[in-house]
Participant: 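Handing you a structure now.
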Number of protein chains: 4
Amino acid sequence: MEKKKVPTSIKDQQLIEKRRNQMIKGAVNLFKEKGFHRTTTREIAKASGFSIGTLYEYIRTKEDVLFLVCDSIYERVKERMEQAIDMEKQSISSLKNAVRSYFQLIDDMQDEVIVMYQEVKSLPKDAQEYVMQKEKDMVHMLERVIQNSLPYDLSDKEITLIANNIFVQGQMWSFRRWILQKDFTLEEYIEKQLSLLFQMLNLDEHVTKIKG
Amino acid sequence: MEKKKVPTSIKDQQLIEKRRNQMIKGAVNLFKEKGFHRTTTREIAKASGFSIGTLYEYIRTKEDVLFLVCDSIYERVKERMEQAIDMEKQSISSLKNAVRSYFQLIDDMQDEVIVMYQEVKSLPKDAQEYVMQKEKDMVHMLERVIQNSLPYDLSDKEITLIANNIFVQGQMWSFRRWILQKDFTLEEYIEKQLSLLFQMLNLDEHVTKIKG
Amino acid sequence: MEKKKVPTSIKDQQLIEKRRNQMIKGAVNLFKEKGFHRTTTREIAKASGFSIGTLYEYIRTKEDVLFLVCDSIYERVKERMEQAIDMEKQSISSLKNAVRSYFQLIDDMQDEVIVMYQEVKSLPKDAQEYVMQKEKDMVHMLERVIQNSLPYDLSDKEITLIANNIFVQGQMWSFRRWILQKDFTLEEYIEKQLSLLFQMLNLDEHVTKIKG
Amino acid sequence: MEKKKVPTSIKDQQLIEKRRNQMIKGAVNLFKEKGFHRTTTREIAKASGFSIGTLYEYIRTKEDVLFLVCDSIYERVKERMEQAIDMEKQSISSLKNAVRSYFQLIDDMQDEVIVMYQEVKSLPKDAQEYVMQKEKDMVHMLERVIQNSLPYDLSDKEITLIANNIFVQGQMWSFRRWILQKDFTLEEYIEKQLSLLFQMLNLDEHVTKIKG
DNA sequence: AATGAATGAGCGTTCATTCAT
DNA sequence: CATGAATGAACGCTCATTCAT
């Protein structure tokens with residue numbers, strides 16, 4: 001898929017990158033604290049370290065900021081997932097590693113994940129679709145890991161479902177932190193979810209069976 | 001927990017109830033369509049069938065409307081979950097029924113579920129906690145069903161985790177509809193999730209094992 | 001032609017009329033001084049005697065104010081022209097009276113005429129057409145007076161041209177005041193223009209010939 | 001009258017002239033399309049073929065551009081009027097030629113004439129007076145032609161009035177095009193106006209009397 | 001108890017102008 | 001001389017909230 005471009009009146013590509021990174025950094029913090037709608041463009045400009053006029057040299061609308069933020073989060077998540085998932089030698093343990101890395105990464109980016117999940121709907125339709133596509137790509141990565149790791153075959157639907165479950169269980173660690181993070185450490189959470197997963201997949205040679 | 005009260009200047013309790021129901025009905029539709037922030041108080045008043053002045057006789061702030069709406073949705077969800085879960089005779093099949101009913105109900109109230117999950121963060125802190133408590137109550141219900149249905153014992157943590165997983169898999173049917181509902185019918189989704197769940201719980205006598 | 005309606009959220013028709021008159025009065029003065037573009041909506045609100053919020057209860061856009069102003073000016077001009085032109089007993093002297101009244105009226109409404117002539121182009125297309133139609137109506141009135149007053153026949157084109165000439169000579173008294181009003185009093189201007197007109201129409205029994 | 005100078009920080013006179021001509025050319029088209037206020041300095045710079053920074057090396061304010069444009073238009077109009085009016089051998093037919101040329105020229109420069117008449121009011125006071133002076137000069141030229149062409153004497157006031165009428169009838173062809181140019185071709189318009197003029201001046205040996 | 005006109009703080013956005021490079 | 005990134009005052013407009021009737 002084509003990278004969606006946000007128009008700007010600035011010509012220096014490096015400067016665009018630099019300023020937009022400032023912007024994203026500033027905006028994520030604000031969105032996390034008060035949400036997209038309650039954050040003003042002036043606050044974004046200030047948090048980014050430049051004036052409101054300069055902000056608008058690099059975007060057209062406030063929604064562009066949100067898009068830039070979402071896009072950057074996905075990009076970073078995807079990048080890290082790709083690193084974590086070594087597609088060469090796939091085995092049960094590589095599935096385990098992939099899931100672990102994914103959960104780890106969600107934990108690192110908790111705030112970003114929350115921002116994304118609460119604000120994508122504020123994006124204009126086309127940007128929403130673009131972002132959904134990215135999410136589909138990520139679920140797809142999980143699907144492939146599962147498929148390649150299992151010593152037996154599962155139907156596509158089952159794989160899809162399991163991948164989505166894992167994906168959402170990751171996000172859940174962020175957006176249900178108020179209920180989960182008082183009962184579980186990250187490690188516990190990861191190991192318990194993995195244990196359930198492997199139980200489900202009948203791959204429990206490596207983990208204690210839920211019920212003996 | 002005490003029912004959270006929204007102050008009003010009106011004395012007649014019946015009238016308050018009536019007007020607030022009009023309000024919730026009108027507002028929920030608007031929130032579904034355009035979200036809380038994009039909906040104006042005038043629109044809410046109009047959709048409720050009275051004037052902006054009257055609206056403000058029954059609430060103090062716009063956020064009160066959101067709270068009323070969220071509260072009402074939770075109430076309805078909880079009510080239906082309670083009906084679905086027959087706590088008397090608990091068995092494996094009653095767990096199955098409970099999960100089925102829960103997924104069914106989420107499907108019925110898709111829009112409402114989305115409204116809730118996208119807008120709670122706009123609630124003032126105290127209302128957020130109130131609503132979170134309700135959600136905890138609901139997860140608790142699931143926990144009890146699981147505990148009472150299983151022919152063996154699981155640790156509290158495992159039960160909590162499984163309950164949360166089920167809970168979120170329900171919500172996922174709503175807020176990931178764009179990815180799930182093109183691949184699955186509701187029935188398929190329910191049965192496949194149940195199948196995975198029972199596999200995980202080693203209760204697969206009733207369902208085909210994922211892998212023989 | 002249908003009267004173009006400017007939407008408002010106010011229900012009380014009398015109040016609308018009252019507030020809009022305040023608005024028009026305030027706005028004409030400002031437009032006259034600094035032009036439409038240099039006048040801010042806050043200034044209009046202030047000059048109208050109410051807040052910016054109230055201003056926008058009675059209009060949708062700043063351009064609506066301009067339209068209201070233009071419409072009101074035309075309405076007043078047209079009204080006075082209609083009074084001045086007694087269509088019953090048309091004669092040479094009634095033509096004279098009509099022109100005199102028209103010039104008189106332009107003098108009374110100098111500022112308004114200037115506002116109109118400098119700002120109509122700032123109106124949105126549809127409002128421009130509406131206003132042009134009104135102007136055509138007014139030229140038409142002059143055409144009829146000419147036609148009915150003359151003791152002989154003129155071609156339609158000649159009548160159109162003469163009517164337009166008179167019409168513009170009127171306006172010219174306003175928008176070329178800096179060149180005309182230092183050489184002529186209004187009476188002089190009227191009588192001299194009438195004299196030239198009657199010379200042109202060969203109706204000079206009542207006026208001294210330009211050249212004896 | 002002294003030529004009004006627009007300050008610049010550039011030394012090279014030829015370059016100034018060159019750049020300003022680029023500027024006028026670009027700006028006039030933009031002003032035609034969208035008016036002075038709706039045109040941005042960036043657009044002017046772009047249309048002129050250089051950067052916004054460079055634009056501001058050759059002017060101090062946006063209004064300077066407008067002045068340069070108006071000045072240039074007046075200059076061109078005046079120049080052509082001077083060519084058209086041969087002051088040597090003045091006769092009735094030279095009056096006719098002068099008027100014809102003037103109308104012709106207005107037709108050629110319709111858009112420019114409209115720009116001028118709609119935007120002069122946006123000029124600063126001193127520039128307005130400068131431009132008004134130019135217009136007085138032009139009316140003066142018409143006055144002299146009339147005076148020198150007539151076989152009899154007219155009072156100064158009569159001459160002034162007739163000159164202004166002619167002048168405005170020319171402009172009218174531009175700014176009332178929506179009403180005139182659907183009924184008249186330019187030739188028709190010229191001949192009919194000339195016919196009325198000569199009737200008025202009792203110079204109708206060459207044209208059919210309006211009424212025999 | 002119901003109405004709806006009034007308010008004004010505050011929003012997103014623009015654009016003339018400056019000035020370091 | 002030329003560039004274009006940076007600035008921020010100012011704009012048009014919205015909408016939650018109040019309060020006189």
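Quick note on labels: first sequence line is chain A, next is B, and so on, each numbered from 1.
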Participant: Nearest whole Å is fine: how far is dG4(F) P from Q13(A) CD?
Facilitator: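 Result: 14 Å.
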Participant: Tell me which residues in residues 30-39 of chain D put a heavy atom below 4.0 Å from DNA chain F, sorted by number, or none.
Facilitator: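 Within this stretch, nothing sits under 4.0 Å of the strand.
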Participant: Any non-hydrogen side-chain atom of I44(C) less than 4.5 Å from a side-chain atom of T39(C)?
Facilitator: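 The answer is yes, as the side chains (C-beta and beyond) meet within the 4.5 Å cut-off.
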Participant: Check whether F36(D) forms a cation-pi arrangement with K62(D) (NZ or CZ under 6.0 Å from the six-membered ring centre, at most 45° off the ring normal).
Facilitator: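 Positive - K62(D) is close enough to the ring of F36(D) and near enough to its axis.
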Participant: Does the plane of the ring in H37(B) sit parallel, tilted or perpendicular to the ring in H37(A)? Use 30° and 60° as the thresholds.
Facilitator: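 Geometry flag for H37(A) against H37(B): parallel rings.
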Participant: If you measure only the distance, is there a donor-acceptor pair under 3.5 Å linking the side chains of E57(A) and S9(A)?
Facilitator: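 On atom types as modelled, these side chains qualify, holding a pair under 3.5 Å.
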Participant: Given 3.5 Å as the limit, does a donor-acceptor pair link the side chain of R38(A) with the main chain of F31(A), or not?
Facilitator: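 No.
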Participant: How many whole angstroms separate atom CE of M23(B) from atom P of dA2(E)?
Facilitator: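 In whole Å, dA2(E) P and M23(B) CE are 13 Å from each other.
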Participant: Short question: side chain of Q128(C), backbone of L123(C) - any donor-acceptor pair under 3.5 Å?
Facilitator: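 Indeed, once roles are kept as given, a pair shorter than 3.5 Å links the two residues.
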Participant: Students often get this wrong, so: under 4.0 angstrom with heavy atoms, is S9(D) touching a base, only sugar-phosphate, or nothing?
Facilitator: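 No contact at all - S9(D) keeps every heavy atom at 4.0 Å or more from the nucleic acid.
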Participant: Using the side-chain heavy atoms of D12(A), tell me which of these nucleotides is nearest: dA5(F), dA2(F), dA6(E).
Facilitator: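 Among dA5(F), dA2(F), dA6(E), the one nearest the side chain of D12(A) is dA5(F).
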Participant: Rounded to the nearest angstrom, tell me the gap between atom CZ in R19(A) and atom P in dT7(F).
Facilitator: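 So the CZ-P distance, R19(A) to dT7(F), works out to 8 Å.
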Participant: From the set dA1(E), dG12(F), dC1(F), return the single nucleotide nearest to any side-chain atom of K11(D).
Facilitator: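 Of the candidates, dC1(F) comes closest.
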Participant: Answer yes or no: does atom NZ of K46(C) have more than 12 heavy-atom neighbours from other residues, nucleotides or ligands under 6.0 Å?
Facilitator: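 Atom NZ in K46(C) is not packed in, count stays at 12 or less.
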Participant: In whole angstrom, give the distance that lies between atom CD of Q22(C) and atom P of dA5(E).
Facilitator: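 For the pair Q22(C) CD and dA5(E) P, the rounded distance is 15 Å.
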Participant: Once you round it to whole Å, what is the distance between C1' of dG4(F) and CD of Q14(A)?
Facilitator: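 Spelled out: CD on Q14(A) to C1' on dG4(F) is 16 Å.
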Participant: Using the salt bridge (charged side-chain N to carboxylate O under 4.0 Å, His left out) rule, take E112(A) and R76(A) through it: C-alpha gap first, then chi angles, then the decisive distance, then the call.
Facilitator: CA-CA 10 Å; E112(A) 282 83 355; R76(A) 279 192 288 158; 3.6 Å; yes
Participant: In whole Å, I'd like the distance from the NZ atom of K62(C) to the C1' atom of dC13(F).
Facilitator: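 Between C1' of dC13(F) and NZ of K62(C): 12 Å.
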Participant: How close or far is atom P of dA2(E) from atom CD1 of I59(B), stated in whole angstroms?
Facilitator: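 Going from CD1 in I59(B) over to P in dA2(E) covers 14 Å.
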Participant: Could you let me know what dA6(E) is paired to, Watson-Crick or G-U wobble, both distances under 3.5 Å, or none if it's on its own?
Facilitator: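 Because both required distances fall under 3.5 Å, dA6(E) counts as paired with dT17(F).
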Participant: Could you state the CD1-C1' distance from I16(C) to dG4(E), rounded to the nearest angstrom?
Facilitator: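 My rounded result for the distance is 12 Å.
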Participant: Taking only heavy atoms on the protein side, list every residue of residues 40-58 of chain A lying under 4.0 Å from any atom of DNA chain F, sorted numerically.
Facilitator: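 Per residue number, the list reads R42(A), F50(A), S51(A), I52(A), G53(A), T54(A), E57(A), Y58(A).
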Participant: State whether a side-chain donor-acceptor pair under 3.5 Å links K32(A) with N29(A).
Facilitator: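 Looking only at side-chain atoms, N29(A) and K32(A) do form a donor-acceptor pair, the distance falling under 3.5 Å.
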